Amino acid sequence: MIEKFSQKRIYMDYAATTPILPYVADAVIKYMYNEFGNPSSLHYFGIKAREIIENTRNTISNFLNVEPENIIFTSGGTESDNLAIQGIILANYPKKQHIITSQIEHSAVYNTCLFLKKFGHEVSFVSVNEDGLIDLNKLEKEIKPNTSLISVHYANNEIGTIQPIKEIGEIAQNYNIAFHTDAVQAFCKIKINIKDEKIMLLSGSGHKIYALKGAGFLYIKNKSIIQPIIHGGPHEFELRAGTENVLSIASIGKAIEFLSDKIEDEERRLRKLSDKLINSIFNEIDGVHLNGSLNSKYRLPNIINLRFDNVNGYDLMLALDREGIACSTGSACHSSSMEPSRVLLALGLSINEVLSSIRISIGYFTKEEDIEYLIKVLKKVVNELRK
Ligand SMILES: Cc1ncc(COP(=O)(O)O)c(C=O)c1O
């Protein structure tokens with residue numbers, strides 16, 4: 001619960017962005033005053049800033065059990081996805097290529113693929129079942145001689161569905177195709193095993209893991225398979241030009257330092273809270289449905305997408321906000337858009353059903369009493385909105 005507002009305010013929109021951990025903020029403030037150098041400068045101040053970046057690269061690579069030179073810093077998840085996808089297409093220029101992705105990717109992947117279609121490349125958007133899981137047979141059948149990339153997100157940002165990443169990685173490896181996963185929502189929430197899951201490129205973002213906005217990273221197993229999309233100086237192994245965002249990058253390292261030994265406990269704790277929310281709501285409110293998978297093996301511990309019969313999701317979100325609870329309708333990044341969510345439509349929901357949905361996403365600061373308050377408020381406002 002966040003106490004600094006005059007009204008009791010409970011933040012339940014962690015999938016949109018997370019509050020910054022005090023541990024991270026303390027470190028960043030110290031760096032802000034002292035380590036302002038340009039990491040490319042060769043004097044003391046530059047060397048100190050460079051040290052921070054390289055220490056963070058080491059922290060991420062140790063955490064993911066990969067080599068530091070395979071981590072490229074970017075401005076966030078969107079840029080990491082663009083670098084992975086456009087980078088591979090550019091590296092194979094002038095060949096017309098084929099990309100396989102899913103119908104429910106975040107716009108950072110989905111719209112990048114649509115953009116590349118305009119330049120003559122082909123894209124297969126593989127469908128998902130009603131739980132949001134990609135059909136592996138369909139995915140394999142889409143493979144063509146010119147398929148250069150399979151890009152499937154690790155977990156969905158609206159419904160939390162976790163994809164069968166290991167199986168997709170194996171298919172990609174069998175056909176010798178690059179495999180990228182957008183792990184922006186999964187990174188630091190559940191265990192990721194890059195090697196076992198045969199992931200060749202992985203996108204992550206700082207502001208979803210209690211760090212600052214403005215930095216993310218792309219893991220690339222073999223840097224020679226991509227070309228840069230931002231040109232200028234020789235930063236980031238000549239794959240991403242521009243003076244590094246030292247503070248935001250540093251904040252990712254600090255967040256991982258804080259979270260790394262807590263991931264499993266936190267996953268268990270959040271799953272318990274999500275289960276309590278889902279079970280109580282199913283028991284206490286009629287006409288409620290979970291969008292996504294009921295099987296917790298296939299759902300992130302912190303994202304719960306709910307649909308209420310005869311209630312408009314937007315009205316419900318506003319009513320909850322009036323009661324001090326912040327959540328979202330559809331996808332956070334596009335919550336200002338009134339378009340029905342492409343992800344929920346892909347599950348087979350009608351437009352009406354899509355428009356009756358809200359997303360609750362919880363995190364490190366969510367307490368059991370917050371869930372209890374949410375259940376109490378939901379019962380009241382859903383009842384009022386149905387009158
Ligand atoms: C799955 C997924 N990919 C990519 C992004 C974009 O990340 P960023 O906001 O760091 O650009 C988001 C943000 O919501 C996301 O949820």
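If you're wondering where the values come from, they're calculated on a predicted model, not measured in any experiment. All values below were derived from every heavy atom in this structure, side-chain atoms included, with hydrogens, water molecules and symmetry-related copies excluded. FYI, the numbering just counts along the sequence from 1. Every number for a ligand or one of its atoms is a count from 1 in the order of the listing.
- In this structure, Tyr219 has its ring center no closer than 6.0 Å to that of Phe187.
- Neither the backbone nor the side chain of Asn156 comes within contact range of ligand 1; no heavy atom lies under 4.0 Å.
- With sequence neighbours left out, the salt bridge (Lys or Arg N to Asp or Glu O under 4.0 Å) criterion links Asp261 to no other residue.
- Using a 4.0 Å cutoff on heavy atoms, His153 does not count as a contact of ligand 1.
- The aromatic ring centroids of Phe125 and Tyr110 lie less than 6.0 Å from each other.
- Those atoms of ligand 1 with a heavy atom of Gly76 less than 4.0 angstrom away are 10 (O).
- When non-hydrogen atoms are compared, ligand 1 lies under 4.0 Å from the side chain of His207 (C-beta onward) but not from its backbone.
- For the residue pair Asn82 and Gln86, a side-chain donor N or O sits within less than 3.5 Å of a side-chain acceptor on the partner.
- The contact set between ligand 1 and Asn157, taken as ligand atoms under 4.0 Å from a residue heavy atom, comprises 1 (C), 16 (O).
- On a distance-only criterion, Glu79 and ligand 1 share no N/O pair closer than 3.5 Å.
- Atoms of ligand 1 lying under 4.0 Å from at least one heavy atom of Thr78, given by number and element, are 6 (C), 7 (O), 8 (P), 11 (O).
- Residue contacts with ligand 1, taken as heavy atom pairs separated by less than 4.0 Å, involve Val184 solely via side-chain atoms from C-beta onward.
- With sequence neighbours excluded, the residues forming a side chain to side chain contact (heavy atoms under 4.5 Å, CB included) with Phe36 are Phe45, listed by chain and number.
- Listed by number with element, the atoms of ligand 1 under 4.0 Å from a non-hydrogen atom of Lys208 are 12 (C), 13 (C), 14 (O).
- For Phe258 and Tyr23, the ring centers sit closer than 6.0 Å to each other.
- Close approach of ligand 1 to Ser205 (heavy-atom distance below 4.0 Å) involves ligand atoms 8 (P), 10 (O).
- Residue Gly77 places at least one N or O, backbone or side chain, under 3.5 Å from an N or O of ligand 1.
- Rounding to the nearest 0.5 Å places OG1 of Thr101 at 8.0 Å from NE2 of His153.
- Judged purely by distance below 3.5 Å, without hydrogens or angles, the side chains of Glu158 and Asn305 never pair a donor atom with an acceptor atom.
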